[in-house]
Asks: 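First the structure, which I've put down as structure tokens, then a few questions once you've had a look.
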Amino acid sequence: MRKMWKALSLLLVVALAAVVFAGCNNSGGKVSVGIVLPTKDEPRWVQDEKRFKDALKGTKYSTEILFSQGSSAKEKENVQTLINKGIKVLIICPQDGAAAASAVEAAKKEGITVISYDRLITNTDAVDYYVTFDSVAVGAAQAQYLVDHAKGSGEPLYLYAGAASDNNAFLFFQGAWKVLQPKIADGTFKIANSSEAVALQDKADLSRDELSKIIGQVTTNWDPNEAKNKAQTHLTAAGADMKGDVAILAPNDGTARSIADVFGSDSAVTSFVVTGQDAEKASIQYIIDGKQSMTVFKDVRTLVKDAMGMAINILDDKKPETTGSYNNGKVDVKAKQTDVIVVDKDNVKKELIDSGYYKADDFTGIQ
Ligand code: GAL
């Protein structure tokens, strides 16, 4: 008798555990919105993960966020995992814009609506919507900051770019070139580290191929180490006429800090103005400490709100709101675009603390 009670109560405990486990862990459950981000190795995308989780807290929508760890193969696997979980909407920021086409085509075949997030997926008609920031304005703002802080004429200009696999890298550089080219032509700046850019310095509007040539030569692949190595190579090759007071176009914060450290350790460089992007916490501290000049703040809370807003409209069979479109080489993708904000030491508090994006005690020396 006693043995029978013991077996029965054990059975009861196991059954109970199974029910509880199924409730909280979505791994077995159906997911309505799948979210795929490029990598956890960059603060930018960890930021987006946090903002998605904040936005989804307490909502009825079942979502799952997966990272592709810098691999298009892993990205495709992630998309398949989410397809198998029955998603209706896929929000995806591609590791490589062109390589992601096959992953979203697989989703499209299952009748899933695809939203390209921050970066555009190119050369496929399997993308329904695109939410992003004004990436051309990012580059233009970085360049304008260099122009506004230029010292005299003939100032050496060092150019760096993002990864050529990222369509945004072309939009950033296109926006920067539009502002810089006239200032190269009028002698304010002289290009210090790119023969491809020198060859095109009299041309205001560059084709995709011409942009490719320059980006191919000065790309950082969004990798701070690659940026550091390139900066060291460029400074080693540079003569005294390419040092002194210099201007540096760095594409984002991660690469800006490593480039700034290299230029900051070269005694022949008397001063430098260096740009950035993403308002990463580490770079905000660099800006407060005067080691990085500016960053372009992209309020990820807005991008997340736009992406989830679209997803919820789609789940509710409503037409998502869009404000324009981007041609991805195959189709015009309906898009929603958000403006960007220039941040330097004069408005860190207003734009990043008073707005609630960061807390004051995340930093030291904030005015
Ligand atoms: C870009 C993104 C930037 C930057 C970069 C590196 O596509 O728009 O914010 O972080 O990727 O991941």
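What you are looking at is a predicted structure, and each value in this text was computed from that prediction instead of being measured. We count ligands from 1, going down the list as the structure has it; atoms in each ligand are counted the same way. Counting from 1, the numbers follow the sequence of the chain as shown.
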Asks: Do I314 and I115 come close enough that some side-chain heavy atom pair is under 4.5 Å?
Replies: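 The answer is yes; the side chains approach within 4.5 Å.
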Asks: Just wondering, more than 12 heavy atoms not from K350 lying within 6.0 Å of its NZ?
Replies: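 No, NZ of K350 has 12 or fewer neighbouring heavy atoms, counting only those of other groups under 6.0 Å.
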Asks: Below 4.0 Å from any atom of ligand 1, which residues have a heavy atom? Give them in chain and number order, please.
Replies: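 Lining ligand 1: E42, R44, W45, D118, R119, D166, N168, F172, W222, N252, Q277, D278, K298.
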Asks: Cation-pi between R119 and Y130: NZ/CZ under 6.0 Å from ring centre and within 45° of the ring axis?
Replies: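 That pair does not qualify as a cation-pi contact.
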Asks: Could you list the donor-acceptor pairs under 3.5 angstrom formed between side-chain atoms of residues 244-253 and any protein atom two or more places apart in sequence or on another chain?
Replies:
unit_1, atom_1, unit_2, atom_2, d
D245, OD1, T270, OG1, 3.0
D245, OD1, S271, OG, 2.7
N252, OD1, T255, N, 3.2
N252, OD1, T255, OG1, 2.7
D253, OD1, Q277, N, 2.8
D253, OD1, Q292, NE2, 2.9
D253, OD1, T295, OG1, 2.9
D253, OD2, A279, N, 2.9
D253, OD2, E280, N, 2.8
D253, OD2, T295, OG1, 3.1

Asks: Using ring centroids (six-membered ring only for Trp), state whether Y158 and F189 fall under 6.0 Å.
Replies: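 No.
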Asks: State, with a plain yes or no, whether a side-chain heavy atom of V114 is found less than 4.5 Å away from one of Y129.
Replies: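 SC-SC contact between V114 and Y129 ruled out.
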